[in-house]
Amino acid sequence: MRNNKTKIKLIMIILVLMPAAAMLFSFTVGRYAISAGEFLAAVKGVFGTGVDADNAATVIFQVRLPRILAAMLIGGGLAASGAVLQGLFKNPLVSPDLLGASAGAGFGTAIAILAGLGIAGIQGSAFVWGLGAVAATYTLSKLISRKNQGTLFLILVGMVVSSVFQSLVSLIKYVADPHTKLQTITFWLMGSLSKADLQDVYLMAAVVAACMIPLLLLRYRMNVMSFSDEEAQSMGLDTRKIRVIVILCATLMTSASVSIGGLIGWVGLVIPHVARMLVGSNFKVLLPASFLIGCTYLLLIDDLSRAAVAAEIPLGILTGLIGAPFFIYLIIKGKRGYEQ
């Protein structure tokens, strides 16, 4: 028992160091090569006589820093959302887009681009429609659900709502100008952080902080929520209140992620499984582990996106190509399985 706790502590220390190491590495990766010496000189300029005006400093602090921070926050937010939703629904196949948040945010993005709105309008529309889709899912499930089947109906209605919004996105693509707006809609929905700036980082950081704090405070109760509602209620938990808080926090982080980076799939599905294999199913360590691994994973994927070829590869393509086979590998290997 003590050996297992020591092992988990060691793993958590490594997971804490991984995002920092990946962040330092990411500053040097890209079409504009930056050596370790140039990076150190630029950092020294910030804490010394001011930011150096050379090309390396400009690329590091004005281009790569916002993108790196956005990738880490989005990856961590999606992974944490997937972890809590998988625990809440007691289903290892649940992902953050289950309740329609991603599809709704995608529709909000598409309709804003079609209407000719700017970046702020596109992000605001994606965020609002993502929340609206989950609100519709939750409301409809409450109206039609039967006693003791609320979770089942929530999942089923979420699938329907997602399908409706995906169809609406296809309709918008059909009527959009193929030479201008269709290309913009398609590229945005494939996922990219090429336009991320510090304002996006501030927004994502505020959302992640506002959502991760209550989720971390509820992490012990999430362990109890893995039992049936009757057992959890017998232990004094307000299961309905906890369910609403968890769904709301996961939805906020997912909608904010789509509004900034587009549709980035598989992160919220695969990363919680990786974390569970490393530290187990106790949410005391599973939730922070999922967040830290998600930060590192999406940051490295974004490095690959902007460094592999001359033209940037959309993030959604890479996460799908890497995430899907890796998920199959996890299923086949399955040393621990889903311990809930």
Side-chain angles (χ1 to χ4, degrees), residues 1 4-5 7-9 11-12 15-16 73 75-99 101 131 134 137-138 141-142 145 148-155 158 207-257 267-295 297 330 336-340:
M1 188 70 174
N4 187 51
K5 289 183 178 181
K7 178 183 176 182
I8 291 177
K9 287 181 179 179
I11 291 173
M12 290 302 299
L15 293 181
V16 169
L73 290 168
L78 290 174
S81 298
V84 295
L85 289 177
Q86 287 174 8
L88 184 69
F89 293 112
K90 310 173 187 66
N91 189 329
L93 300 179
V94 169
S95 63
D97 56 359
L98 173 73
L99 303 181
L131 293 177
V134 175
T137 297
Y138 192 82
S141 69
K142 286 298 180 182
S145 64
N148 299 325
Q149 290 186 312
T151 300
L152 173 62
F153 276 93
L154 191 63
I155 294 174
V207 172
V208 169
C211 295
M212 285 300 296
I213 290 174
L215 289 178
L216 288 171
L217 292 175
L218 290 172
R219 64 190 186 278
Y220 296 103
R221 292 177 174 82
M222 286 298 301
N223 290 326
V224 180
M225 290 292 289
S226 63
F227 304 129
S228 66
D229 280 3
E230 290 78 8
E231 290 178 294
Q233 289 170 0
S234 68
M235 297 180 186
L237 294 188
D238 187 341
T239 56
R240 181 178 179 181
K241 181 179 179 180
I242 293 175
R243 186 174 290 112
V244 169
I245 293 174
V246 170
I247 291 175
L248 178 60
C249 290
T251 300
L252 286 170
M253 289 193 288
T254 302
S255 298
S257 299
V267 178
L269 177 60
V270 173
I271 299 304
H273 285 270
V274 177
R276 196 174 290 111
M277 291 176 66
L278 291 174
V279 300
S281 298
N282 186 346
F283 274 92
K284 176 184 177 181
V285 289
L286 175 61
L287 183 56
S290 296
F291 183 85
L292 293 169
I293 297 173
C295 288
Y297 173 72
L330 291 178
R336 290 193 180 185
Y338 188 72
E339 302 171 1
Q340 285 288 0

*Write down the atom of P92, the atom of L269, and the distance for their closest heavy-atom approach.*
O-CD1, 3.6 Å
_Taking every non-hydrogen atom, the tightest pair across L286 and A275_ = CD1-CB, 3.7 Å
_Which heavy atom of V279 sits nearest to which heavy atom of V285, and what is that distance?_
O-CG2, 3.8 Å
*Residues in side-chain contact (heavy atoms from CB on, under 4.5 Å) with I213, at least two apart?*
L217
*asked:* Check whether N223 reaches the backbone of N282 with its side chain - one donor and one acceptor, N or O, closer than 3.5 Å.
replied: no
_Residue list, salt bridge (Lys or Arg N to Asp or Glu O under 4.0 Å) with R219, at least two apart or on another chain_ = none
*List the steps, then state whether side chain to side chain contact (heavy atoms under 4.5 Å, CB included) holds for L292 with M12.*
CA-CA 9 Å; L292 293 169; M12 290 302 299; 4.3 Å; yes
_Taking side-chain contact (heavy atoms from CB on, under 4.5 Å) as the definition, give me every residue that meets it alongside P272, ordered by chain and number, with sequence neighbours left out._
A83, Q86, R276, S290
*asked:* Given V134, which partner from the list L154, L99, L252 fulfils the side chain to side chain contact (heavy atoms under 4.5 Å, CB included) test?
replied: L99
*Do the non-hydrogen side-chain atoms of V224 and E231 ever get within less than 4.5 Å of each other?*
no
*Going from CG on L215 to CD1 on I245, what distance comes out if it is rounded to the nearest 0.5 angstrom?*
9.0 Å
*Begin with the C-alpha distance, continue with both residues' side-chain angles, and end with the deciding distance and a verdict on side chain to side chain contact (heavy atoms under 4.5 Å, CB included) for L218 and F283.*
CA-CA 9 Å; L218 290 172; F283 274 92; over 6 Å; no
*asked:* According to side chain to side chain donor-acceptor pair (under 3.5 Å), who are the partners of D238, at least two apart in sequence or on a separate chain?
replied: none
*Contacts of type side-chain contact (heavy atoms from CB on, under 4.5 Å), residue S257, not counting sequence neighbours*: I74, L78, M204
*Between T254 and T251, is there a donor-acceptor pair closer than 3.5 Å when you use the side chain of the first and the backbone of the second?*
no
*Please round to the nearest 0.5 Å and tell me the distance separating atom CG of L85 and atom CD1 of I247.*
7.0 Å
_Give me the atom names and distance for the closest heavy-atom approach of G77 to F291._
N-CE1, 3.9 Å
*Take V84 and M253 through the test side chain to side chain contact (heavy atoms under 4.5 Å, CB included) and record every step on the way to the result.*
CA-CA 12 Å; V84 295; M253 289 193 288; over 6 Å; no
*How long is the gap from CZ on R221 to OG1 on T239, to the nearest 0.5 Å?*
12.5 Å
_Taking side-chain contact (heavy atoms from CB on, under 4.5 Å) as the definition, give me every residue that meets it alongside L98, ordered by chain and number, with sequence neighbours left out._
F89, V94, I155
*Step by step, work out the side chain to side chain contact (heavy atoms under 4.5 Å, CB included) result for H273 and V270.*
CA-CA 5 Å; H273 285 270; V270 173; 5.6 Å; no
_Atom of P214, atom of A210 and distance for their closest heavy-atom approach_ = CD-O, 3.0 Å
*Closest contact, heavy atoms only, M222 versus G87*: CE-C, 4.3 Å
_Spatial distance of atom OG (S81) from atom CG (D97) [nearest 0.5 Å]_ = 10.5 Å
